[in-house]
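What follows is a single structure, written as structure tokens, with notes after it.
All of these numbers come straight from a predicted model, not from anything done at the bench. For the single chain, residues carry numbers from 1 onward in sequence order.
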Amino acid sequence: MTLDLIGGLGFQEILLIALVVLLFFGGKKIPEMMKGLGKGIKSFKDGMKEVETEVKNAAPEEEVKE
């Protein structure tokens, strides 16, 4: 049974990558990196929501000016 996950990578390849990352960074550093990654993603999503809100609020004003 072949389980293709991300981009054609199989389970064995993903397991090997995870082990290399674990050996390279160590068990204590990985949670800190994931926490930072989570904060970055949350900040990006908040920024996208802010831009979307500004675009929605600006659209009616442009229609009134015309």
Side-chain angles (χ1 to χ4, degrees):
M1 181 173 113
T2 303
L3 180 63
D4 288 333
L5 296 174
I6 302 169
L9 292 176
F11 180 74
Q12 291 177 340
E13 289 85 4
I14 292 176
L15 182 62
L16 179 64
I17 292 169
L19 288 174
V20 169
V21 168
L22 181 62
L23 288 174
F24 188 69
F25 291 107
K28 292 183 179 181
K29 190 68 175 173
I30 293 174
E32 294 174 15
M33 290 177 8
M34 294 300 113
K35 184 177 179 181
L37 181 64
K39 285 182 179 181
I41 291 172
K42 184 178 184 314
S43 176
F44 178 76
K45 286 183 178 180
D46 290 344
M48 290 298 295
K49 286 179 185 177
E50 183 178 322
V51 168
E52 185 177 310
T53 302
E54 289 178 10
V55 168
K56 285 181 181 178
N57 290 340
E61 293 174 5
E62 290 178 4
E63 291 175 5
V64 171
K65 291 179 182 178
E66 294 177 0

Closer than 3.5 angstrom, by distance alone: can the side chain of E13 be matched with the main-chain N or O of G10 as a donor-acceptor pair?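 Yes: the side chain of E13 pairs with the backbone of G10.
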Using atom types as modelled and distance alone, determine if a side-chain donor or acceptor of S43 lies under 3.5 Å from a backbone N or O of K39.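 Here the side-chain-to-backbone pair does not exist.
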Who clusters with L23? Use side-chain heavy atoms, under 4.5 angstrom, across I, L, V, M, F, W and Y, and order the result by chain and number.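 None; L23 is a cluster of one.
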With clusters defined by side-chain heavy atoms of hydrophobic residues (ILVMFWY) lying less than 4.5 Å apart, directly or transitively, does V51 cluster with M48?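 Result: no, two separate clusters.
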Going only through I, L, V, M, F, W and Y residues with side-chain contacts under 4.5 Å, is there a path from L16 to I14?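 As far as the 4.5 Å side-chain criterion goes, I14 and L16 are not connected within one cluster.
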How about M34: does its CE atom have over 12 heavy atoms from other parts shown lying under 6.0 Å from it?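 More than 12 heavy atoms, drawn from other residues, nucleotides or ligands, come within 6.0 Å of this atom.
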Heavy atoms, side chains only, cut-off 4.5 Å: are M33 and L37 in contact?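 A side-chain contact is absent here, since even the closest heavy-atom pair is not under 4.5 Å.
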Is the shortest side-chain N to carboxylate O distance from E52 to K56 below 4.0 Å?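 Looking at E52 and K56, the cut-off is met.
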Using a strict threshold of under 4.0 Å (side-chain N to carboxylate O), is an ion pair present between K35 and E32?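 Salt bridge flag = no for K35 with E32.
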